[in-house]
Novice: 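Encoded as structure tokens, here's the structure I'll be asking about.
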Amino acid sequence: MYFTIEDFQKGLDEIMLSDKFIVKGVTPVYAYENGKRTDKIQGYRYTLIDPEVYETFDIKVKGTNPVITNEMVTDRENRVYVALENAIIKPYKIEYGRVSCSVVADSIRVLSE
């Protein structure tokens with residue numbers, strides 16, 4: 001039996017202890033054509049913190065409008081909590097005993113504390 005790297009995808013909820021996360025930052029993800037970056041935004045990368053273990057990770061969510069902006073994160077006195085819909089961890093490289101993974105989600109929503 002042969003395995004592909006897709007066989008090792010897991011739901012984020014299978015790995016993380018928390019189901020809500022703190023937003024640390026937001027950056028746009030640009031589309032590439034022929035190996036060159038375009039000005040077209042295809043999604044946003046949210047840097048999140050798991051409040052249970054204080055682990056930081058990035059997650060990519062497709063869409064042309066961010067749910068949260070960096071201004072919302074830095075201008076608020078309180079933390080911004082979010083929940084993720086259908087978040088999947090996808091390994092993309094395994095070498096020298098280490099796995100590199102990306103995390104993608106269908107959507108992200110702000111939670112009322």
Side-chain angles (χ1 to χ4, degrees):
M1 176 181 224
Y2 293 98
F3 292 102
T4 65
I5 206 155
E6 287 81 22
D7 294 325
F8 296 99
Q9 293 181 14
K10 289 197 172 276
L12 187 67
D13 58 348
E14 296 178 54
I15 307 273
M16 296 296 223
L17 298 174
S18 184
D19 59 353
K20 67 179 186 176
F21 306 94
I22 302 167
V23 180
K24 183 177 177 185
V26 182
T27 56
V29 175
Y30 293 94
Y32 281 78
E33 290 181 10
N34 299 322
K36 295 186 179 189
R37 190 180 104 166
T38 67
D39 290 336
K40 181 181 176 189
I41 294 175
Q42 67 178 15
Y44 286 86
R45 182 173 292 108
Y46 297 88
T47 301
L48 305 178
I49 301 168
D50 182 339
E52 297 290 326
V53 293
Y54 299 105
E55 182 75 27
T56 302
F57 64 98
D58 290 335
I59 187 160
K60 182 179 167 186
V61 179
K62 289 185 179 181
T64 55
N65 295 317
V67 173
I68 301 150
T69 63
N70 275 322
E71 291 78 22
M72 291 172 67
V73 175
T74 57
D75 288 346
R76 292 178 55 131
E77 291 180 12
N78 298 318
R79 296 177 176 153
V80 178
Y81 286 91
V82 294
L84 304 168
E85 300 295 325
N86 195 27
I88 304 291
I89 298 173
K90 297 179 177 184
Y92 60 87
K93 180 172 63 171
I94 302 172
E95 66 182 9
Y96 306 112
R98 297 194 49 97
V99 179
S100 297
C101 297
S102 66
V103 185
V104 296
D106 288 342
S107 65
I108 187 170
R109 63 183 164 84
V110 178
L111 299 173
S112 57
E113 298 174 49

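Just the heavy atoms: all of them, side chains too, but no hydrogens, waters or symmetry mates, feed the values below.
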Novice: In terms of hydrophobic clusters joined by side-chain contacts under 4.5 Å, are I88 and I108 together?
Specialist: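 No, it is not one cluster - the side chains of I88 and I108 are not joined through contacts under 4.5 Å.
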
Novice: Hydrophobic cluster membership, with links at side-chain heavy-atom distances under 4.5 Å among I/L/V/M/F/W/Y: are V29 and Y46 in one?
Specialist: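 Hydrophobic grouping puts V29 apart from Y46.
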
Novice: Taking atom OG1 of T27 and atom NZ of K60, what is their separation to the nearest 0.5 Å?
Specialist: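 Those atoms lie 11.0 Å apart.
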
Novice: Would you check if T47 and T56 make a side-chain contact, meaning some heavy-atom pair closer than 4.5 Å?
Specialist: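 Yes, their side chains come closer than 4.5 Å.
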
Novice: What distance separates K10 NZ from I15 CD1, expressed to the nearest 0.5 Å?
Specialist: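 Here the rounded value is 6.0 Å.
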
Novice: Is there a path from V61 to V110 through hydrophobic residues (I, L, V, M, F, W, Y) whose side chains come within less than 4.5 Å of each other?
Specialist: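 Per the 4.5 Å side-chain linkage, V61 and V110 are co-clustered.
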
Novice: Does a sphere of radius 6.0 Å around CD in Q42 hold more than 12 heavy atoms from other residues, nucleotides or ligands, not counting ones at 6.0 Å or beyond?
Specialist: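 Above 12, so yes.
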
Novice: Ignoring hydrogens, what is the shortest heavy-atom contact between A87 and I59? Give both atom names and the distance.
Specialist: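 Heavy-atom minimum between the residues: CB-CD1, 4.0 Å.
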
Novice: Quick check: does any side chain N or O of N70 sit under 3.5 Å from a backbone N or O of G25, one acting as donor and the other as acceptor?
Specialist: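 Checked: no pair found.
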
Novice: Quick check: closest heavy atoms across V67 and R109, and the distance to 0.1 Å?
Specialist: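 Minimum heavy-atom contact is CG1-CA, 4.4 Å.
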
Novice: How far apart are the closest heavy atoms of K24 and V73, and which atoms are they?
Specialist: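 In this case the closest contact between K24 and V73 is O-CG1, 3.7 Å.
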
Novice: Which atoms form the tightest heavy-atom contact between Y30 and I41, and what is the distance?
Specialist: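 Nearest pair, atom of Y30 first, then I41: CE2-CG1, 3.6 Å.
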
Novice: First locate atom OG of S102, then atom CD of Q9, and finally report the distance between them rounded to the nearest 0.5 Å.
Specialist: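 S102 atom OG to Q9 atom CD measures 8.5 Å (nearest 0.5 Å).
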
Novice: Check for me, please, whether V82 and M72 land in the same ILVMFWY cluster - side-chain distances under 4.5 Å, paths through other members count.
Specialist: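 In one cluster with V82: M72, yes.
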
Novice: Please check this pair: side chain of S18 against backbone of E52, looking for a donor-acceptor N/O pair closer than 3.5 Å.
Specialist: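 Looks like no, no N/O pair under 3.5 Å.
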
Novice: Testing the basics here: between T64 and Y44, what is the closest heavy-atom pair and its distance to 0.1 Å?
Specialist: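 That would be O-OH, 3.6 Å.
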
Novice: CG of D50 to CE of M16: how many Å apart, nearest 0.5 Å?
Specialist: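 So the CG of D50 and the CE of M16 are separated by 5.0 Å.
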
Novice: Please name the pair of heavy atoms, one in L84 and one in F21, separated by the smallest distance, quoted to 0.1 Å.
Specialist: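 Minimum heavy-atom separation between L84 and F21: CD1-CE1, 3.8 Å.
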
Novice: Would Y81 and I22 count as a side-chain contact (heavy atoms from CB on, under 4.5 Å) here? Give the steps.
Specialist: CA-CA 5 Å; Y81 286 91; I22 302 167; 3.5 Å; yes

Novice: What's the separation between atom OH in Y54 and atom CD1 in I49, rounded to the nearest 0.5 Å?
Specialist: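 So the gap between those two atoms works out to 9.0 Å.
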
Novice: Using the side-chain contact (heavy atoms from CB on, under 4.5 Å) rule, take L12 and I89 through it: C-alpha gap first, then chi angles, then the decisive distance, then the call.
Specialist: CA-CA 6 Å; L12 187 67; I89 298 173; 3.7 Å; yes

Novice: Answer yes or no: are there more than 12 heavy-atom neighbours, outside E14 itself, under 6.0 Å from its atom CD?
Specialist: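 Yes, because the 6.0 Å sphere around CD of E14 holds more than 12 heavy atoms from other groups.
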
